[in-house]
Amino acid sequence: KNVACGPWGTRFTLTDVQTGEEASCQTRLLGEHSISNLLLCCTAARALGMTLQEIALGVSRCQPVEHRLELKTYKGMVLIDDAFNANPSGAAAACDVLAQMPGWRMLVTPGMIDLGTQQETLNHALGMHAASCADRVILVGAQQVAPLRQGLLDAGFDAQMITQVMTTKEAFACIEDDGHEDKVALIENDVPEVLNH
């Protein structure tokens with residue numbers, strides 16, 4: 001209970017429903033699916049005789065998989081690096097994580113690719129979903145981002161808050177130049193190279 005997401009990762013209260021005992025937990029893992037998996041591990045650890053304090057320590061040591069909702073900092077801002085690849089359910093979950101973050105929320109994405117005949121439909125749906133999760137969207141690429149842009153607009157997203165660039169370097173220039181404080185940027189899909197510098 002008491003789940004909260006922010007630049008620190010995820011905080012929650014772990015409760016043993018049989019004893020009523022509780023422990024505060026914090027992890028770098030993000031996303032409802034990650035916390036669900038973590039809770040399964042906590043349940044197994046408890047069944048094996050670990051105390052809640054021991055379990056909370058283990059939770060604090062969990063690290064995300066590289067480029068999979070990985071929390072980073074970049075020039076004073078929070079980055080959520082989900083750049084390894086994108087599929088419809090994963091991209092939607094990443095947008096949900098962004099929506100929970102405090103601050104000015106930016107989505108940087110080329111959309112999803114290699115989805116066959118469903119690519120346009122699924123990118124449009126991602127745009128519709130992302131419209132309620134971000135304050136600004138930076139689209140990276142040319143024609144493949146058109147359905148994503150249309151989805152954003154169809155969901156009522158402000159067209160002035162959509163920027164289209166051709167390269168990841170230009171996208172990072174946009175997020176650096178954005179004048180808002182407390183910036184949080186989600187890098188969604190295949191743009192990890194800049195984050196490694």
Side-chain angles (χ1 to χ4, degrees), residues 5 7 29-34 64-75 77-180 182-197:
C5 182
L29 301 181
L30 296 171
E32 187 177 320
H33 59 287
S34 295
V65 174
E66 189 176 26
H67 307 302
R68 293 287 193 191
L69 292 176
E70 184 180 11
L71 271 174
K72 297 182 176 186
T73 54
Y74 176 79
K75 296 190 177 182
M77 74 184 83
V78 176
L79 291 182
I80 304 169
D81 175 2
D82 197 43
F84 183 69
N85 203 334
N87 62 63
S89 59
C95 287
D96 291 342
V97 168
L98 180 64
Q100 296 172 26
M101 288 286 175
W104 180 251
R105 298 159 305 159
M106 294 181 283
L107 169 62
V108 179
T109 186
M112 299 176 290
I113 58 170
D114 298 328
L115 298 175
T117 59
Q118 293 295 306
Q119 183 165 310
E120 286 190 18
T121 302
L122 293 171
N123 274 302
H124 183 271
L126 177 60
M128 295 276 292
H129 184 78
S132 64
C133 301
D135 300 304
R136 181 175 180 194
V137 176
I138 301 166
L139 301 174
V140 183
Q143 292 296 342
Q144 91 278 1
V145 299
L148 187 56
R149 172 190 287 277
Q150 193 59 53
L152 288 161
L153 296 174
D154 288 349
F157 196 77
D158 184 351
Q160 294 183 1
M161 292 293 106
I162 303 172
T163 304
Q164 186 172 348
V165 297
M166 295 304 296
T167 68
T168 303
K169 184 176 181 179
E170 291 173 301
F172 270 80
C174 287
I175 62 175
E176 289 172 34
D177 292 343
D178 188 292
H180 289 87
D182 299 326
K183 294 185 280 191
V184 179
L186 167 62
I187 313 302
E188 182 58 34
N189 205 1
D190 197 19
V191 285
E193 72 280 357
V194 175
L195 300 180
N196 293 331
H197 294 236

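Computation of the quantities below employed the complete heavy-atom set of this structure, encompassing side-chain atoms and omitting hydrogens, waters and symmetry-equivalent molecules.
Side-chain contact between S132 and C95 is absent, with no heavy-atom pair separated by less than 4.5 Å. Two residues are said to be in side-chain contact when any heavy atoms from C-beta on lie closer than 4.5 Å; D96 and C133 meet this criterion. The closest side-chain heavy-atom distance from I113 to Q119 is below 4.5 Å. Residues M112 and E188 have side chains not in contact (no heavy-atom distance under 4.5 Å, counting atoms from C-beta outward). Using a 4.5 Å heavy-atom cutoff, the side chains of L79 and L71 are not in contact. Put simply, the side chain of P64 does not reach to within 4.5 Å of the side chain of L30, judged on heavy atoms. Proximity of Q144 to N123: side-chain heavy atoms (C-beta onward) are nowhere separated by under 4.5 Å. Counting heavy atoms from C-beta outward, V184 and L98 have side chains that approach closer than 4.5 Å.
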Q | side-chain contact (heavy atoms from CB on, under 4.5 Å) between D82 and R68, worked out | A | CA-CA 5 Å; D82 197 43; R68 293 287 193 191; 4.3 Å; yes
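By the neighbour-count criterion of 12 heavy atoms within 6.0 Å, atom CD of E32 is sparsely surrounded, having that number or fewer from other residues, nucleotides or ligands. Within 6.0 Å of atom CD in E120, 12 or fewer heavy atoms from other residues, nucleotides or ligands are found, so the atom counts as exposed in its surroundings.
Partners of T117 by side-chain hydrogen bond (donor to acceptor under 3.5 Å, both in side chains), not counting sequence neighbours: none found. Legend: residues meeting side-chain hydrogen bond (donor to acceptor under 3.5 Å, both in side chains) with D178, ordered by chain and number and at least two apart, are W104, R136, H180.
Test V108, T109, V78, I80 against L186 for side chain to side chain contact (heavy atoms under 4.5 Å, CB included) and you get one pass: I80.
Here the CG atom belonging to N87 is positioned 8.5 Å from the CG atom belonging to L115, to the nearest 0.5 angstrom. Taking CG of N189 as the reference point, atom CG of N85 lies at 5.5 Å (rounded to 0.5 Å). Rounding to the nearest 0.5 angstrom, the gap separating the OG1 atom in T168 from the CD1 atom in I138 is 11.0 Å. Atom CD1 of I187 sits about 8.5 Å away from atom CE of M106, to the nearest 0.5 Å.
Of all heavy-atom pairs between E66 and E70, the closest is CA-OE1, 3.4 Å. Closest approach of C5 and P102 over heavy atoms only: O-CD, 3.9 Å. Scanning both residues, P110 and V145, for their nearest heavy atoms gives O-CG1, 3.7 Å. In this structure, A92 and L126 approach most closely via the heavy-atom pair N-CD1, 4.3 Å. What you find for A171 and V165 is that their closest heavy atoms are N-CG2, 3.7 Å. The two atoms that bring L148 and G111 nearest to each other are CD2-CA, 3.9 Å, heavy atoms only.
Within the structure, the salt bridge (Lys or Arg N to Asp or Glu O under 4.0 Å) test picks out no pair touching residues 145-161 (sequence neighbours left out).
Here the side chain of E170 pairs a donor or acceptor atom with the backbone of T167 at under 3.5 angstrom.
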